[in-house]
Amino acid sequence: MPDPGAAGPRGGGSITVGEVHRPDGREAVHVLALSFADEPALSHILGGSRRRRYRVLVPFMWAGLRSYPGSTEIHGAWLAGRLVGVGLRMPPGAWPLRRSQELRGVVWGLLGSLPMLVAFPRAVRMFPRMAEQQRRHPRDRPHWYLWCVGVHPSFRRRGVGTALARFVIDKADADGVGCYLETYGDGTEALYRRLGFEVRDRWDIGPGAPPARTMWREPSSGAADVA
């Protein structure tokens, strides 16, 4: 497995958050694949082992990065010089996607999903859930969208996820607009609540699976500190 800690800002013992440029996306892909290989909802839908899920998530995440519109921005968190977390964000006005952007996403999404569909035929269940998630995305208020946040499993509970989220929250507060995201886990919901988010919607994605949630945060000049 490639070391996901090549290029990027260097920080000593503290977390450094900065931009991840698209040519350096290889490390970001592997961090995202590792972080989502044990994500509760995805694990429930796909089944199988964590390692097997990781293997199919690498091409899936790579295709995802290729499919995202040019307005999508990528930021990373570095700890002791190693890339340990990745966030994808969209600025106000980037959502909803244009028709051409949606078509590009469908094409790359299908290409990236092929290894997953071969290894896990149950992955086909993901597509209607993704459509439902998009349907619930707010369109009437400008906002920063935390599209995706992933933390390397070996570096969780060290403030990495909080640092990645704060990077976007600070932009939203500076712009005077809201912040929006989707999440599935109880732990991530609790983290985002500590950062000032509230649940907008909650719905079941299948028997035994954790519920999906959409969350919104109003702009503020002083969110509560979270370790």
Side-chain angles (χ1 to χ4, degrees), residues 29 31-65 67-68 72 85-90 95-97 101-102 105-140 143-151 153 156 161 164-165 168 178-195 197-217:
V29 164
V31 171
L32 287 172
L34 282 167
S35 67
F36 279 90
D38 58 0
E39 195 274 333
L42 194 63
S43 301
H44 178 84
I45 292 170
L46 298 183
S49 68
R50 178 178 176 273
R51 183 173 185 83
R52 193 176 176 205
R53 293 192 297 270
Y54 163 76
R55 287 176 175 170
V56 299
L57 279 169
V58 170
F60 182 78
M61 292 295 181
W62 181 254
L65 288 182
S67 73
Y68 295 155
T72 303
V86 175
L88 306 180
R89 66 189 191 274
M90 293 178 66
W95 191 273
L97 302 178
Q101 294 171 330
E102 290 181 345
V106 168
V107 171
W108 278 106
L110 289 174
L111 290 174
S113 298
L114 286 176
M116 185 182 293
L117 290 169
V118 171
F120 301 102
R122 293 167 56 183
V124 72
R125 302 178 184 179
M126 293 172 53
F127 298 106
R129 289 165 175 76
M130 292 168 65
E132 173 65 16
Q133 178 175 296
Q134 292 182 2
R135 187 185 70 78
R136 293 173 182 261
H137 194 128
R139 297 169 180 248
D140 58 338
H143 59 274
W144 276 90
Y145 176 27
L146 283 80
W147 195 335
C148 176
V149 174
V151 177
R156 289 173 181 160
L164 289 167
V168 185
C179 223
Y180 171 79
L181 59 83
E182 302 106 0
T183 190
Y184 292 88
D186 292 336
T188 52
E189 178 186 328
L191 182 150
Y192 290 124
R193 281 187 179 277
R194 292 196 297 272
L195 290 169
F197 285 83
E198 296 293 338
V199 174
R200 295 176 73 249
D201 296 305
R202 194 188 303 267
W203 72 98
D204 292 332
I205 63 171
R213 310 104 192 251
T214 65
M215 302 187 73
W216 177 271
R217 180 184 180 278

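Worth saying up front: this structure is predicted, and the values here are computed from it rather than measured.
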Which atoms form the tightest heavy-atom contact between [X] and [Y], and what is the distance?
X	Y	result
Gly47	Phe120	O-CE2, 3.4 Å
Phe197	Cys179	CE2-O, 3.5 Å
Gly112	Pro115	O-CD, 3.6 Å
Ala123	Leu46	CB-CD2, 3.5 Å
Met116	Leu57	CE-CD2, 3.7 Å
Gly150	Leu164	O-CD1, 3.9 Å

To the nearest 0.5 Å, what is the distance between [atom1] ([X]) and [atom2] ([Y])?
X	Y	atom1	atom2	answer
Trp147	Thr72	CH2	OG1	4.5 Å
Glu182	Gln134	CD	CD	8.5 Å
Leu191	Met215	CG	CE	9.0 Å
Arg51	Leu34	CZ	CG	9.5 Å
Tyr54	Phe60	OH	CZ	15.5 Å
Arg50	Leu42	CZ	CG	12.0 Å

I'd like to check the salt bridge (charged side-chain N to carboxylate O under 4.0 Å, His left out) partners of Arg156; sequence neighbours left out, ordered by chain and number. Asp38
Any residue meeting salt bridge (charged side-chain N to carboxylate O under 4.0 Å, His left out) with Arg139, in chain and number order, not counting sequence neighbours: none
Assess whether side-chain contact (heavy atoms from CB on, under 4.5 Å) is satisfied between Arg89 and Leu146, documenting all intermediate values. CA-CA 5 Å; Arg89 66 189 191 274; Leu146 283 80; 5.7 Å; no
Does Trp216 form a ring pair (Phe, Tyr, Trp, His ring centres under 6.0 Å) with His143? I'd like the steps, not just the answer. CA-CA 9 Å; Trp216 177 271; His143 59 274; 5.7 Å; yes
Strictly distance-based, threshold 3.5 Å: is any side-chain N or O of [X] a donor or acceptor partner for the main-chain N or O of [Y]?
X	Y	value
Arg200	Pro138	no
Thr214	Asp201	yes
Arg213	Gly185	yes

Mind telling me whether Tyr180 and Tyr145 have parallel, tilted or perpendicular rings, with 30° and 60° as the class edges? tilted
Would Glu132 and Arg135 count as a side-chain contact (heavy atoms from CB on, under 4.5 Å) here? Give the steps. CA-CA 5 Å; Glu132 173 65 16; Arg135 187 185 70 78; 2.9 Å; yes
Is the shortest distance from a Lys or Arg side-chain nitrogen in Arg193 or Asp186 to a carboxylate oxygen in the other one below 4.0 Å? no
Can you name the one residue among Arg125, Glu39, Arg53 that meets side chain to side chain contact (heavy atoms under 4.5 Å, CB included) with Ile45? Arg125
Min side-chain heavy-atom separation Leu65-Leu88 under 4.5 Å: yes
Which residues pass the ring pair (Phe, Tyr, Trp, His ring centres under 6.0 Å) test with Phe36, sequence neighbours left out? none
